[in-house]
Amino acid sequence: MSQTLIRAGWVLTAAPDDSATPAAIRDGAVLLDGDRIAAVGTFAELSAAHPDAPVRGGAYDVVTPGFVNTHGHFSEGLITGIGSQYTLWEWLTALIGRVNPVMTREKAYAGTVLQGIQLLRSGVTTANDMFCADPMPDEPATPGVVQALEDLGLRGVVSFGSGDVDRDFGATPILEEFEALREAADASRYSTFRVGVSSIGRYTDDTWQEHVDYAVAGGHGVHVHFHEVREEVTAARQRTGRTAIGHAEATGMFQVPVIAAHSVWVDREDRERYATNGVGVAHNPVANGILASGIAPVAELRALGVPVGIGVDGPASNDSQDFLQAMKTAALLARVRDLQATAMSAREAFEMGTIGGARALRMEHEIGSLEPGKRADLVVFDGDSPTLANVHDPYQAVVFVAGSREVRDVWVDGDLSVADFDVTRVDVREAVDRARPLARQLVAEAGLERLSALTGGALDDTERP
């Protein structure tokens, strides 16, 4: 195993209060040994104890754990920045419902590489993704996601989300796509598998239950959308007599680890269901703002002990895949919601983006903080940039001040996936050139010409679906 010593003016470990590792270390360092963190302490101590370890980083840098993106959709990788005039249900009909039937493995790979580059450049080392598309029995699309993550050096928790309520294929092709994705993830270095459940309104009763049974029988975690908009809550009550969260509990979904995206419109009883069943929440502040979905009750959830992480959501709902934007917006929306500057501190937002996300995914024993024995996933922010020339409060510096342009190095599993501000394993120019014709093809196949300037559509289209 090769050792490397990462030096910093500040090491923000995100270690919990009961850890032997301090939460913040001035003039600190992190010792990497292969794919694990070997030690965390002051630079003076670690450099004296390991004089032969090469040193990377500088005396003014800020080092953090790798960020954990708890929700996204690589299936939207080729349709960034389109259809911003829609709220969620309109957007699903006008855009996503048309894209799902024409996704392929080639498009999955190209879109994942394109968006994965942006995630890495904003410090993300783990991405929890739900690829939403119609199942492709002849050539499943989702193994393309796994291959892209391998090529990028980006850790992924991968799932597939598809429903049959308005389709005639039933559950079997979806379960076949699950199997193809699971096998690809099992054979990979960076990916693990979860069962994707898009949302309750996308499934017939039989297919919903088959998804739950598949997850429980295999011991697989579940990645699901819950209560993103108020209309979803009403529709679920009318159909099942329960909220979607109550229905999930009643049908056995919470027997396995569950991470629930959005959870904007959750009442007291459903918040308590989350707490009782150990459900994690992926808070998506930017996407919820773009689609006018609302502001999730993050403070109330966290007060009950519900682990809450931060998600960028998909490239067609957030548009940007910059995790630092999402983390900053999470703090800002909490303050706007409560009209209190104390509603969420920079440190709280930082913890949601690191160890909070790991807890929501039940991966906190492996990732999310810089502690000995954990995976060597970390980010180095450039302390020599004008933006970080004077770090008065390191948490504010990361959450409110820094941008992706300050992310100099990103380590994933002990290897550099970003070095000196750029990705190391893929050619960015090649990724862009590959994506452009596929995006034009996708727009044409999905009949989205009126929404996209790529094919001469109107830039100010306000038509409703």
Side-chain angles (χ1 to χ4, degrees), residues 14-18 67-72 126 128 130 157 159 194-195 197 199-200 215 221-230 232-233 236 242-285 287-288 293-313 326-327 329-331 333-335 337-338 340 342-345 347-369:
D17 292 340
D18 59 358
F67 297 119
V68 181
N69 177 40
T70 53
H71 182 61
T126 298
N128 180 46
M130 183 191 296
V157 182
S159 64
R194 278 198 178 215
V195 172
V197 179
S199 64
I200 189 170
V222 170
H223 181 183
V224 60
H225 294 85
F226 278 144
H227 295 207
E228 186 171 356
V229 292
R230 184 164 42 191
E232 176 192 345
V233 182
R242 299 179 282 246
T243 65
I245 296 167
H247 189 66
E249 182 182 54
T251 54
M253 181 181 288
F254 295 159
Q255 296 178 53
V256 296
V258 172
I259 184 163
H262 300 293
S263 302
V264 174
W265 297 92
V266 284
D267 62 16
R268 177 177 54 81
E269 290 182 356
D270 281 334
R271 293 197 292 267
E272 290 175 352
R273 285 189 176 99
Y274 277 175
T276 299
N277 292 285
V279 175
V281 168
H283 175 41
N284 301 274
N288 289 343
S293 300
I295 304 174
V298 172
E300 292 89 335
L301 290 165
R302 296 180 77 223
L304 288 171
V306 175
V308 181
I310 294 171
V312 298
D313 209 351
M327 189 162 57
T329 304
L333 282 187
R335 294 174 179 216
R337 179 177 180 263
D338 291 355
Q340 292 284 347
T342 55
M344 183 180 292
S345 68
R347 180 169 177 176
E348 288 173 318
F350 172 79
E351 290 174 346
M352 285 170 59
T354 53
I355 192 63
R359 288 181 181 130
L361 287 166
R362 299 199 190 180
M363 298 176 70
E364 70 271 25
H365 299 299
E366 288 286 300
I367 62 169
S369 61

With sequence neighbours excluded, residues passing salt bridge (charged side-chain N to carboxylate O under 4.0 Å, His left out) with D338: none
If the condition is side-chain contact (heavy atoms from CB on, under 4.5 Å), which residues does A15 pass it with, not counting sequence neighbours? T13, S19, T21, E371
side-chain contact (heavy atoms from CB on, under 4.5 Å) involving E364 - partner list, sequence neighbours excluded: I355, A358, R359, R362
Run I245 and H227 through side-chain contact (heavy atoms from CB on, under 4.5 Å) and show every step you take. CA-CA 8 Å; I245 296 167; H227 295 207; 3.6 Å; yes
Over all heavy atoms of both residues, which pair between T70 and H223 is shortest? Give the atoms and the distance, please. O-NE2, 4.2 Å
State which residues pass salt bridge (charged side-chain N to carboxylate O under 4.0 Å, His left out) with E351; sequence neighbours excluded, sorted by chain then number. R347
What closest approach, in Å, do P285 and A330 show between heavy atoms, and which atom pair accounts for it? CG-N, 3.7 Å
Minimal heavy-atom distance between A275 and L304, with the atoms involved, is CB-O, 3.7 Å
Run V68 and M363 through side-chain contact (heavy atoms from CB on, under 4.5 Å) and show every step you take. CA-CA 10 Å; V68 181; M363 298 176 70; over 6 Å; no
Show your working on side-chain contact (heavy atoms from CB on, under 4.5 Å) between E269 and T243 and close with a plain yes or no. CA-CA 10 Å; E269 290 182 356; T243 65; over 6 Å; no
According to ring pair (Phe, Tyr, Trp, His ring centres under 6.0 Å), who are the partners of H262, at least two apart in sequence or on a separate chain? H71, H225
Flag yes if more than 12 heavy atoms outside R335 fall under 6.0 Å of its CZ atom; otherwise flag no. yes
Spacing of E232 atom CD and R230 atom CZ [to the nearest 0.5 Å]: 13.0 Å
Partner set under salt bridge (charged side-chain N to carboxylate O under 4.0 Å, His left out) for R242, not counting sequence neighbours: none
For a side-chain contact (heavy atoms from CB on, under 4.5 Å) check, start with the C-alpha distance between H283 and L301, then their side-chain angles and the critical distance, and finish with the verdict. CA-CA 11 Å; H283 175 41; L301 290 165; over 6 Å; no
Is there a donor-acceptor contact under 3.5 Å from the side chain of R194 to the main chain of V222? yes
Just wondering, do M344 and L333 contact through their side chains at under 4.5 Å, heavy atoms? no
Output for pair (R273 CZ, R268 CZ), nearest 0.5 Å, gives 10.5 Å
Closest heavy-atom pair and its distance - P297, S263: CD-O, 3.5 Å
Over all atoms of both residues, closest heavy-atom pair of F226 and A244: CE2-O, 3.7 Å
A349 versus I310, closest heavy-atom pair with distance: O-CD1, 3.7 Å
